[in-house]
Amino acid sequence: MPALSEPHPSLQIFNTLSKRKEPLRTVVPGTVGIYLCGPTVYDKAHIGHMVGPVIFDCMKRYLTYCGYDVTWVVNITDVDDKLINKAAERGISMLEVAEENIADYQSNLTALGVDQVDHFPRATECMDDIIALIRELIDSDYAYAAEGDVYFDVSQDPDYGKLSNRKVDELQGEGGSMGERKRGLADFALWKAAKPNEPAWDSPWGPGRPGWHIECSAMSKKLLGPTFDIHGGGLDLVFPHHENEIAQSECCHHQPMVTYWAHNGLLRAAAAAGKVGGRSERAAEAPATARAAVPTDEASGKMSRSKGAGGLAELIARQSGERIRFFLLRTHYRSTVLFNEPAIQEAGTGLESFYRFFKRYQRITGNSFFDICPPTSRATGGVEASASALHQEITTSRDKFLAAMDDDFNTGGAIGELFELLRKLNKYCDENSLEDSQPQPALLESFHQGATVLRELTSILGIFGQPPATGGAADDQLLGQLLQLLIDLRAAARANQDFATADTIRDRLAPLGIVLEDRAGGTDWSGGDAESVEGLLQLLIELRQTARAAKDFATSDTIRDRLATAGILLEDRAGGTEWSRTPTS
RNA sequence: GGCGCCGUGGCCAAGUGGCUAAGGCAUCGGAUUGCAAAUCCGACAUCGGCGGUUCGAAUCCGCCCGGCGCCUCCA
């Protein structure tokens, strides 16, 4: 076993094996191999499945930023009893079940901004590796075949239990029919003989399929080697899954499987016991006819949606992947996170402050924050601290941010520092009136550099990569046109000291989720969606009626003409004014 | 029964031996604004309870109370 690299000067990782934080030392200097246990794809993903991917995505981004060449593997278990059952239940093949849920899983990952995964190995694509590993274990007497099954002989491994702090003779083991074929209760299956009509692969022990644990030993070895740097997964996998992985791999290779075991905390449903997607929840869910059904009684504690186990795609549609990502990153990854939708909503409120700043940046510099290309490495990032008071503040914030990340990827602490940096930048805008007059180029440059550091740091967390996705382009355009018209009408009213009309416009917009902000250079708006359009038109029609009643035909005609330009036709009838969309071609 | 985790302001959440306990959300003042919104400034907790170690503890130890996880498929 070759010696590990020199430790990183500041980065520490908590290791489940030693139960303490340790400096990062890698197997190969300058590179990091990460393996994260991915899903068993027998059903749609729930939000609990996203915790690991999101934090490990940040880990890879940070390690890359720190100069490492990182390879990240997330395996997919696509052969398993539950897949077989699901396929039988639905009358489709196991492969079809897997394909469907892999697509769901990956689209969820994409929505949450998880795009750093290098390999998604599938168990069914690694059968040769799995069988080879089992054969080696049998040859060296760590495993034995029994009636078409193969079991790992736990009694042969003196280290068994070192990860989860368990003693072999205290383990309960599985009962049932398999128990008769096992030599020891704690022994676990490496290969399971196929029953009639089950999917099966040929092996020296007869047709069958691999056990769950051996897949990960085989896939991690294949892609990362017999010893690699970081192995991740949920805390619930420590025993038996990871314990068994260690047993298999280390008995086979006679060297450490993994240097750092990193386990993320589990998501817990607020106001109810049990982790999201856990056993108690599934039991409670069983009587329900449709798991994706809208909860009928929030107080019953049996809701699926608010516990997050169902409808991740729907949750993402309601809240956006970025909000969910930000919500997850606010808490340290080893902590239990209490999940509930209002909390995600609240995280989104915090996120809005950043988006308002991005607009401010655009107003001041004329450029999009999202077009800033920040330094992508720790060595080249940051600003000259001595250049100005602002730069010193920025440097302090950046140092604190990096110190938090160095401390076992403390994203919660890092995010706190991000808000500090945001406040400093806003204050700088205020104090130097960057929006009002023609600011000095030097002030502008300092400001730009501060924004660049903000972009540098947020990129590490994988947030604000791109402007938020908007709805349909056509509706967006109409919404923009209607609001510009309303803003113009309001500006005219304000110019005439007609604050009643001006305030009416703003007040009527609020219930539609649209907020107006008056600034030196004009009025900004935010919020609103396709559903706001009808309300806006109703308001415009009323404003036009008021203008007509006051014989202010210039205004009323302006409204009608500009609506026509926007593709809305107004028709005055006896009972009132009706609107319709002009057919588009 | 065995192994383990957690309990910080109204809510969420950093901090795990030493300046006035980050930050977010909410609330209340102030600046700013025609009024708002946004932004900035300020207010708001002695860290579940008790006892101990220490010059010094939210941070270490013990006990108690409360919440949760694993020991079985599970991210």
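Naming convention: chains lettered A, B, ... in sequence-line order (proteins, then strands); numbering from 1 in each chain.
When the P atom is compared between U32(B) and C25(B), the two are found 23 Å apart, to the nearest whole Å. Taking the P atoms as reference points, C6(B) lies 11 Å from C61(B), given to the whole Å. Using P as the reference atom, U8(B) and G4(B) are 23 Å apart when rounded to the nearest Å. Nucleotides A57(B) and G51(B) place their C1' atoms 14 Å apart, quoted to the nearest Å. Look at the C1' atom in both A45(B) and C5(B): the space between them is 24 Å, to the nearest Å. The C1' atoms of G24(B) and C63(B) are separated by 36 Å, rounded to the nearest whole Å.
A straight line from CG of L266(A) to P of C68(B) spans 14 Å, rounded to a whole angstrom. One interatomic measurement links the two molecules: CG of L235(A) to C1' of G4(B), which rounds to 9 Å at whole-angstrom precision. Distance R506(A) CZ to A36(B) C1': 4 Å, rounded to the nearest Å.
Counting non-hydrogen atoms under 4.0 angstrom, G232(A) reaches nothing in the nucleic acid. At a threshold of 4.0 angstrom between heavy atoms, the contacts of S526(A) with the nucleic acid are absent. In this structure, R363(A) reaches neither bases nor backbone, as no heavy-atom distance under 4.0 Å exists between it and the strands shown. Backbone-only contact: N426(A) has heavy atoms under 4.0 Å from sugar-phosphate atoms and none from a base. Counting any heavy atom pair closer than 4.0 Å across all strands shown, L516(A) reaches a base atom. Looking at heavy-atom distances under 4.0 Å, G233(A) makes contact with sugar-phosphate atoms alone, never a base. Using a 4.0 Å heavy-atom distance criterion, L418(A) is classed as making no nucleic acid contact.
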Its contact letters, B for base, S for sugar-phosphate only and - for none at protein heavy atoms under 4.0 Å, make nucleotides 13-25 of chain B read SSS------BSBS

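Between the side chains of H263(A) and Y333(A), no donor N or O sits under 3.5 Å from an acceptor N or O.
Judged by distance alone, with hydrogens and angles left aside, D518(A) brings a side-chain donor or acceptor within reach of the base of C35(B), the pair sitting under 3.5 Å.
Using a distance-only test at 3.5 Å, with no hydrogens or angles considered, no donor-acceptor pair links the side chain of N432(A) to the main chain of L434(A). N15(A) places a side-chain N or O within 3.5 Å of a backbone atom of W261(A) that can act as its donor or acceptor partner.
Residue-to-nucleotide proximity on RNA chain B shows that, of F499(A) and K19(A), the 5′-proximal contact is made by K19(A).
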